[in-house]
Amino acid sequence: MTLAYAPTAQTTTIRNDWTKAEVEALFAMPFNDLLFDAQVVHRQHFNPNEVQVSTLLSIKTGACPEDCKYCPQSARYDTGLEKERLLEIEKVIQRAKEAKQVGSTRFCMGAAWRNPRDRDMPYILKMVEEVKSLGLETCMTLGMLTRDQAVALKQAGLDYYNHNLDTSPEYYGDIITTRTYQDRLNTLENVRAAGMNVCSGGIVGMGETVSDRASMLVQLANLPEQPQSVPINMLVKVKGTPLDSVEDLDYFEFIRTIAVARIMMPKSHVRLSAGREAMNEQMQALCFMAGANSIFYGCKLLTTSNPDTHEDVMLFKKLGINTERTRDFSDEAHQQVLEEEIIQQQEQASGGNDLFIDATKPKVAARKQHVTEA
């Protein structure tokens, strides 16, 4: 017998006054107790068996002037990444349509820029308008934004803007020197002031300490308004970047970070983001139990590989998870997509050698691509 989901009457209070000592104490809790507390908070604000699904597309790849040590898109590092110009609007729209067909409800577009240039804004605004017209939620990550640029994006229909803090203020200078922590906070303020939803999180596994992870979450939770979406990325080490040989993060520490983020930011969608390809099904299941309720579909993120769509569908089926849907994405259409994906996976398992599909090209075998966190 399956019990129906019903939020409790007493829900966790949203706090913007967390201290680092309090958060370090959460990280130090016994693992089972921490996950239990996170699950209780999660159930107070969300259906625990629903996960929001997004697709991420790089609309301009490589040649970024920043020196983020984790990023293969930086022009300062030789990672073998092929540089690409801003994608044509028609190609972006086609990818958005394909993303909707495989069940994504939000389409995220990322450009490897320090900040958008005035000459690029008309194209960017047109992309937002066209994707929005498909009935998808829209998200962009374009670097730093001025107040006027944020207002223009909001007026074009942009729902979310992603701008990660990446790490703690204390560790930030060891990772990035070409923009300040305050620069990032200023962009988030411009996004909030324009009325858009904020998507902001960070990357763990870059050699930071537990104290750094606690400090990063304090910064996010204590913003004037907590981010609506909080991506927690596990570093994907790319050869040629300064972090390509950093020591691997213990997986339990990653799961703890998800759980602490859920406890601190009860109403935020906590996204299990980059690094999922290295996680087995059991680890991902623990992340969902810890409070993660958002993922990216597709064979790659901006420049790093990601589990294929049909693998996510099969995992969701095993766990009894459904995807959150936009208002115009019917239950019947969603069920049809799931059934088609499962049939295709079963056919591939019984014969043939095409084990992977490209989420942007349904029913066509995808080549594995290595191209950053968002």
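Values below: every heavy atom of this structure, side chains too, minus hydrogens, waters and symmetry copies. It should be emphasised that the depicted structure is a prediction, and the values quoted were computed from it without experimental measurement.
A continuous path of hydrophobic side-chain contacts links Leu153 to Leu134 [ILVMFWY only; heavy atoms under 4.5 Å].
Evaluation of the side chain to side chain donor-acceptor pair (under 3.5 Å) test over residues 30-41, restricted to residues two or more places apart or in two chains, returns Gln39-Arg43.
With hydrogens and angles left out, the side-chain atoms of Asn164 and Ser200 include no donor and acceptor closer than 3.5 Å. Side chains of Glu208 and Thr167: no donor on one and acceptor on the other come within 3.5 Å. Defined by atom type and a distance below 3.5 Å, a donor-acceptor pair is present between the side-chain atoms of Asp183 and Thr180. For the 3.5 Å distance criterion, the side chains of Ser54 and Gln52 qualify, holding a donor opposite an acceptor. Looking only at atom types and distance, the side chain of Thr209 has a donor-acceptor partner in the side chain of Asp212 under 3.5 Å away. There is a side-chain donor-acceptor pair under 3.5 Å between Ser211 and Glu24.
Remark: Lys267 does not engage Glu225 in a salt bridge, criterion side-chain N to carboxylate O under 4.0 Å.
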* To do: With salt bridge (charged side-chain N to carboxylate O under 4.0 Å, His left out) as the test, would you mind laying out the steps for Glu90 and Arg95 before giving the verdict?
  => CA-CA 9 Å; Glu90 292 77 12; Arg95 296 291 181 88; over 6 Å; no
* **salt bridge (charged side-chain N to carboxylate O under 4.0 Å, His left out) between Glu129 and Lys132, intermediate numbers included** => CA-CA 5 Å; Glu129 293 170 354; Lys132 186 73 172 178; over 6 Å; no
* Go through the steps to decide whether Leu125 and Met121 satisfy the test side chain to side chain contact (heavy atoms under 4.5 Å, CB included), and finish with yes or no. => CA-CA 6 Å; Leu125 299 176; Met121 286 301 292; 4.1 Å; yes
* Would you sort out whether Arg262 and Asn293 count as a side-chain hydrogen bond (donor to acceptor under 3.5 Å, both in side chains), showing the intermediate values? => CA-CA 10 Å; Arg262 167 53 62 214; Asn293 62 340; 3.1 Å; yes
* Report the C-alpha distance between Phe107 and Glu137 in whole Å, list the side-chain angles of each, state the deciding distance to 0.1 Å, and finish with yes or no for side chain to side chain contact (heavy atoms under 4.5 Å, CB included). => CA-CA 6 Å; Phe107 192 69; Glu137 291 181 328; over 6 Å; no
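Atom CG of Asp17 is surrounded by more than 12 heavy atoms from other residues, nucleotides or ligands within 6.0 Å.
Considering only residues two or more places apart in sequence or on other chains, Tyr172 meets the ring pair (Phe, Tyr, Trp, His ring centres under 6.0 Å) condition with Tyr181.
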